[in-house]
There are 2 protein chains.
Amino acid sequence: MKLTARGRYAVTAMVDLAMHEHEGPTSLSDISDRQTISLSYLEQLFAKLKKSNLVDSVRGPGGGYQLSRSCREIFIADIVDSVNEQVDATRCAGKADCQGGETCLTHELWSDLSEQIHNFLSGVDLASLVGKREIQKIAKRQSAFQDTSLRSPDKSTLLPATQI
Amino acid sequence: MKLTARGRYAVTAMVDLAMHEHEGPTSLSDISDRQTISLSYLEQLFAKLKKSNLVDSVRGPGGGYQLSRSCREIFIADIVDSVNEQVDATRCAGKADCQGGETCLTHELWSDLSEQIHNFLSGVDLASLVGKREIQKIAKRQSAFQDTSLRSPDKSTLLPATQI
DNA sequence: TAATACCCGACTAAAATGCTTGGTTATTTA
DNA sequence: TAAATAACCAAGCATTTTAGTCGGGTATTA
């Protein structure tokens, strides 16, 4: 498990994809514009995301990428792993000087901890991130209503508290 | 939050420190030998660990480093943060093109997710890692007893199951 | 006073990162 | 059928980061 900007870009792009799911395929240039990520960098990321079966592609005009399955079935760990081809933390896996002694501590420890982090991120799905984002949007809109005193007397546009 | 080899080294070194806590200060050259991490690299890491008040130092012969507090009060997140001076994920924090729109998605999302990971690693303390390591040692010793048929008739050397 | 071991800063080779350039190919629409 | 679109692909590249070295200190102990 490795957490760098590359993973951040990938997760962001996937959330963008999830948020525009209903509009059909999303082109990378759209994502590039919205999230200000270089187009060709996105291409590289999506090549990996596709290889990992996280997205499907549609070529030609009107084409783009789509989530391969529900955003409730795509987990952050999948995304990060997909673009971050994992480094070989076990480079001395079978070496002579790494037998039972404390030298192995390094790998044992980290691979164990790494697994814990991985398990954790395997429990966070795209839907939950999208959900949070949507909530923020709503909250923002609501406070905007309050701030500018533009709130309409019709309160039906505001979601009930239980839904937030 | 960033997870690289640097963090792995730091965590490993701290676990090593924790495992030799009862022997007084541990010198970096000891850790260097045991964990095969370059001495001067360790020095750099420990300069940061000390600045973060995770370790105390004792100079002169017989000196070395000690945990500043109980290994149950030192968390993995502290260690990783200490050596990995956090990257500025909010570089466009106040920029004009980052107002309320979707451009902000990047930072919002990742800082949120990053916080979740951070919270998770803030719940894992050094003691639990050391504990696991100890358990592995015991298990290994026990299976060694079984494998080589060297198990003595006196079973008092084996810990009761409840202690494992 | 000699040995130990922390402390400190500058430097560096190698790797990774984020990104560019310059294409090709499949598909749709005019 | 031609033009536009957008995925696909490979090579290269400037910068940053990483992991580590080197060469000095300075405090403490024996």
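Residue numbers start from 1 in every chain, and the chains themselves are labelled A, B, ... in the order their sequence lines are given, proteins ahead of strands.
- The separation between Lys48(B) atom NZ and dC8(C) atom C1' is 14 Å, rounded to whole Å.
- The side chain of Ser27(A) approaches dA6(D) more closely than any other nucleotide in the set dA6(D), dC6(C), dT20(C).
- Heavy-atom nearest nucleotides on DNA chain D were determined for Pro61(A) and for Lys50(A), and the one closer to the 5' end corresponds to Pro61(A).
- The base of dT26(D) lies close enough to the side chain of Arg59(B) for a donor and an acceptor atom to sit less than 3.5 Å apart.
- Using a 4.0 Å heavy-atom cutoff across all strands shown, Tyr65(A) reaches sugar-phosphate atoms only and no base atom.
- Within 4.0 Å of Leu28(B), counting heavy atoms only, lie sugar-phosphate atoms of the nucleic acid but no base atom.
- Atom CG of Leu39(A) and atom P of dC9(D) are 15 Å apart (whole Å).
- With a 4.5 Å cut-off on side-chain heavy atoms, Phe120(B) and Gln116(A) count as touching.
- Between Ser57(B) and dC7(C), a side-chain N or O to OP1/OP2 separation shorter than 4.0 Å is present.
- Side-chain contact check for Ser68(A) versus Val55(A): every heavy-atom pair is 4.5 Å or farther apart.
- Between the side chain of Glu43(B) and the base of dC8(C), at least one donor-acceptor pair of N or O atoms lies under 3.5 Å.
- Between Leu42(A) atom CG and dA7(D) atom C1' the separation is 13 Å, expressed in whole Å.
- Atoms CG (Asp56(A)) and C1' (dA6(D)) sit 16 Å apart, rounded to a whole Å.
- Between Gln44(A) and Val58(A), the residue whose closest nucleotide on DNA chain D is further toward the 5' end is Val58(A).
- For dT17(C), one of the phosphate oxygens OP1 or OP2 lies less than 4.0 angstrom from a side-chain nitrogen or oxygen of Lys2(A).
- Counting only N and O atoms by type, the side chains of His20(A) and Asp30(A) include no donor and acceptor under 3.5 Å apart.
- No hydrogens or angles considered: nothing links the side chains of Thr4(B) and Lys2(A) as a donor-acceptor pair under 3.5 Å.
- Scanning atom types as modelled, no donor and acceptor separated by under 3.5 angstrom connect the side chain of Arg6(B) and the base of dT17(D).
- Map Ala47(B) and Gly60(A) each onto its nearest nucleotide of DNA chain C; the residue landing nearer the 5' end is Ala47(B).
- Residue contacts shown for Ser40(A) include a base, since a base heavy atom lies under 4.0 Å away.
- Across all strands, Ala5(B) comes closer than 4.0 Å only to sugar-phosphate atoms, never to a base (heavy-atom distances).
- Salt-bridge check for Asp16(B) with Arg34(B): passed, with a basic side-chain N closer than 4.0 Å to an acidic carboxylate O.
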